[in-house]
Amino acid sequence: MTRPAGVQAPVGTHDVLAPDSARWQWLLGTFADWAARYDFGLIISPMFEDLAVFHRGIGEASEMANKEMYVFEDRGGRRLGLRPEGTASVVRAFVQHHPALPFKAWYATPAFRYERPQKGRYRQHHQIGVEALGTDDPAMDVEVISLAWRFYEALGLKRVRLLINSMGHAGCRGDYLELLSEHLGAHEASLCEEHRPTWARNPLRVLDCKRQDCVEVTAGGPMLIDHLCHECATHFAAVREGLSSMGIASELSPRLVRGFDYYTRTTFEFVSEVLESAQNAIGGGGRYDNLVEQLGGDPVGGIGFGSGIERLLLVLEAEAVALPGIQPELFVVDTCPVDASSALIDELRRAGLRVARAYDARSMKAQMKAADRSGARLALLIGPRELAAGEVTMRDLRGEEGAGAQVSLARAEVLAHVLERLKKRP
RNA sequence: GUGGGCGUAGCUCAGUUGGUUAGAGCGCCAGGUUGUGGUCCUGGAGGUCGCGGGUUCGACCCCCGUCGCUCACCCCA
């Protein structure tokens, strides 16, 4: 209990040990599979970047860039930041390497934000996501969004809603912002305490405010979705139609304003209906048609999404989805005074089997107990009797009738019998 | 950054207006069954009661500080 100061995970971080880590492996594997089906390739990029990458990407005014980033200076005097989200780094890598278009990349990465932890919110959390750069085609918006949707389905999630909105491009958004500012200015006195003095700096944020005062003011005001230019409106309609043609329902959510400044046109968020906590967004993303240029690249568009692993795990638990574990298939019990099992265990493992064993020369009873708890289906017993006879006893630990049947096998035939038995009962 | 709740065994927790050697269940180890798990019985190990200070004859209990966990605001994944 008492341990030296500092010998514990930092605030807001967690260790994930087996068997819980098996859920992560399964989730990550499922995502990798679906990303590959959509022809996305894995990208691995550094977890820290020059601060400018994040500042220019996320927007200097944003809460995240200002107060939540882990910033440090290295020994060479460089100002660096720990990745707070996935997109900026991918775009930076894209600009740096000029890959062929369209560039479709998926990632799994930790993300760091200095915030007060609470349920579903940590200082180090983990995201999986994709970015697709180099095309404005609404079909790519549809691919990115549907990939997320199919992935959630593959996990077994049922109670997920897709909220969608369009932020327009710089032109129509600019026109709209004037209308919105006019409206907010006229009703300034009715805004909530926080936004009354600050609405002018970022009027869109007010739309996102959940306090009753602001909700009432903005409800009577203009919505961006009604003021999109022809091109943006057409693009948005194509995205929704594409999703609809796949049977994916998207709910128009005109107040949806996501946290990063870089979004244009399509923005979306996946919310869980079963999470009771305030952190019910399990993923989100959008199009960013100016970001590549802002980071020094050609003026090409992109779109992506990110999803939080910890939150997905919370939802999986809330929806009571059964999660596959990783258990040994065999447990080898060896009670001989000399090592009689290492070579056999090696043979089994090289044949692809997951094999557990006991250590410290414990009694047969203790080893059998360990075998039972390991979750293995079969136990192989080698005691002095088997050793002398050149045999191995194979015992079924998961026999449906309770008492497991056991048979004696010649040492040379063990592998063949084990493979047959395990295949027989998948 | 703001506010609430909580830190007692590996885990989940109990602990009577502050009173002697701090308990339970589960888990773990061993034995009952000198070669057999899952049920049952018996026994055992394991705690500077988060840490530091204070009040008191005496503190797991009261007070202060501190560290940590947790929930909410905020922000978001």
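Order of the sequence lines sets the chain letters (A, B, ...), proteins ahead of strands, with each chain counted from 1. We use all heavy atoms of the structure for the numbers below, so side chains are in, but hydrogens, waters and symmetry mates are not.
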So, under a plain 3.5 Å distance rule, would you say the side chain of Gln367(A) forms a donor-acceptor pair with the base of U36(B)?
no
When rounded to whole Å, the NE2 to P distance for the pair His14(A) and U70(B) reads 5 Å
Between CD of Glu115(A) and P of A72(B) the distance, given in whole Å, is 13 Å
(Q) Tell me whether the side-chain N or O atoms of Arg113(A) pair up with the base of A77(B) as donor and acceptor below 3.5 Å, since no angle test is needed here. (A) yes
Of Arg116(A) and Arg311(A), the one whose nearest nucleotide on RNA chain B sits closer to the 5' end is Arg116(A)
**Report entry** Stepwise side chain to side chain donor-acceptor pair (under 3.5 Å) check, Tyr107(A) with Ser89(A)
**Finding:** CA-CA 11 Å; Tyr107(A) 60 81; Ser89(A) 296; over 6 Å; no
When rounded to whole Å, the CG to P distance for the pair Leu330(A) and G37(B) reads 19 Å
Whole-Å distance, Lys119(A) NZ to A72(B) P, equals 8 Å
From CG of Asn280(A) across to P of A77(B) the rounded distance in Å is 12 Å
Query raised in the report: Under 4.0 Å: is that the gap between some side-chain N or O of Arg121(A) and OP1 or OP2 of U70(B)?
Result: no
Between CG of Leu378(A) and C1' of G37(B) the distance, given in whole Å, is 13 Å
Atom CG of Leu314(A) and atom C1' of U70(B) are separated, to the nearest Å, by 14 Å
